[in-house]
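Sequence lines set the chain letters: A, B, ... in the order given, protein chains first and strands last, and positions in each chain run from 1.
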There are 2 protein chains.
Amino acid sequence: MVVLEYSDQDVNRLFRALADATRRDIVRRTLVADVSVSQLADSYEMSFAAVQKHVAVLEEARLVTKEPHGRERMVRGNPDRIREAQRLLDRFEDLWRSRIDRLDILLAEDDPAPPDT
Amino acid sequence: MVVLEYSDQDVNRLFRALADATRRDIVRRTLVADVSVSQLADSYEMSFAAVQKHVAVLEEARLVTKEPHGRERMVRGNPDRIREAQRLLDRFEDLWRSRIDRLDILLAEDDPAPPDT
DNA sequence: CTCTAATACAACCATTTGATTGTATGATAT
DNA sequence: ATATCATACAATCAAATGGTTGTATTAGAG
């Protein structure tokens, strides 16, 4: 099994990009269907340039890709990157479970019968 | 089934807290075992106050809790909150899948036989 | 009781972030 | 050919972030 490794910077960018409501909304919309930057800009109460920057942050985080289509850029959500984020969180859960497991072993050891007699 | 709702602010804090390598490391360590703030501070190349602030950010995000134990505060990772983050990401995946499903329906409709004759 | 270790908290500072406006460029439609 | 729409990008700015040092408080050790 291939365990992909991520740099701290990379993971920082990923979670940072998700830490903004407008950006999360952009990701949602572009997972459902391809949308141009200007279509996105129409939806939010901020300047075109501001939306453009949010898209750029998402692109750096690889949560979306942009594809030129004539004079507009279609923004496409990247489901793989969402899954990568999920896998990163899975590792945290694994740590927690390993703690519980070790605790169980300890309890099993000194409660009913001493092990390995 | 209960669908919990989160405010944008709450989700922002959650992902923001995860967007820092030191903080992620603190979460990992405190999921594995309870650790005091000063024990944590010893591990990182920064001041005690800086580590204290990171713990505060994690606490605000509810990724850890602090429990007084004598003169020290034990920091404990909160696995439930990790799971909440995972569930938020699941919803993004759901959107993607719904897109695929709709696409499949479209393809099924006009390819082999027209539906509903 | 006194000293010290662990924490809390305020003030400060540099950098980053999230937004703005303005200007430039490229593709389309008329 | 030209006007316009979609985008890119620079400069600017206020607020938030991530770090520092210094001071105060509190609990435990000697």
Separation of C:dT28 C1' from A:R73 CZ (nearest whole Å): 14 Å
Nucleotide nearest B:A50 when distance is taken to its side chain, options D:dA8, D:dT20, C:dT7: D:dT20
Selection from C:dT7, D:dG19, C:dA8 that lies nearest to any side-chain heavy atom of B:M46: D:dG19
N or O in side chain of B:S47 less than 4.0 angstrom from D:dG19 OP1/OP2: no
Selection from C:dA5, C:dA8, D:dC5 that lies nearest to any side-chain heavy atom of B:R71: C:dA5
Sugar-phosphate, base or nothing in reach of A:T22, heavy atoms under 4.0 Å: nothing
Presence of B:R16 side-chain N/O under 4.0 Å of D:dA16 phosphate oxygens OP1/OP2: no
Atom-to-atom span, CG of B:L18 to P of D:dG18 - whole angstrom: 12 Å
Atom pair distance, as rounded to whole Å: CE in B:M74 and P in C:dT7: 9 Å
Test item: A:K66 and A:V37 side chains (from C-beta on) under 4.5 Å apart, heavy atoms: yes
Rounded interatomic separation in angstrom, taking CZ from B:F15 and P from D:dA16: 22 Å
Spacing of B:R87 atom CZ and B:D94 atom CG [to the nearest 0.5 Å]: 11.5 Å
Along DNA chain C (nearest heavy atom to each residue), the more 5'-positioned of A:K53 and B:Q52: B:Q52
Residue B:H54, side-chain atoms from C-beta onward, closest of D:dA8, D:dG18, C:dT7: D:dG18
Value in whole Å for how far the P atom of D:dT17 lies from CZ of A:R13: 19 Å
Check: A:V64 main-chain N/O paired with A:R81 side-chain donor or acceptor under 3.5 Å: no
Rounded distance [0.5 Å steps], CG in B:D8 versus CZ in A:R24: 5.5 Å
Whole angstrom value for the distance that separates P of D:dT20 from OH of B:Y44: 14 Å
Which residue lies more 5' along DNA chain C, comparing A:A49 with A:H69 via nearest heavy atoms: A:A49
d(CZ, B:F48; C1', C:dA8) in whole Å: 8 Å
Presence of B:R23 side-chain N/O under 4.0 Å of D:dG19 phosphate oxygens OP1/OP2: no
Euclidean distance, atom CD of residue B:Q9 to atom P of C:dG18 [Å, nearest integer]: 13 Å
Distance below 4.0 Å between A:S38 side-chain N/O and D:dT7 OP1 or OP2: yes
Backbone of B:R16 reached by a side-chain donor or acceptor of B:R23 within 3.5 Å: yes
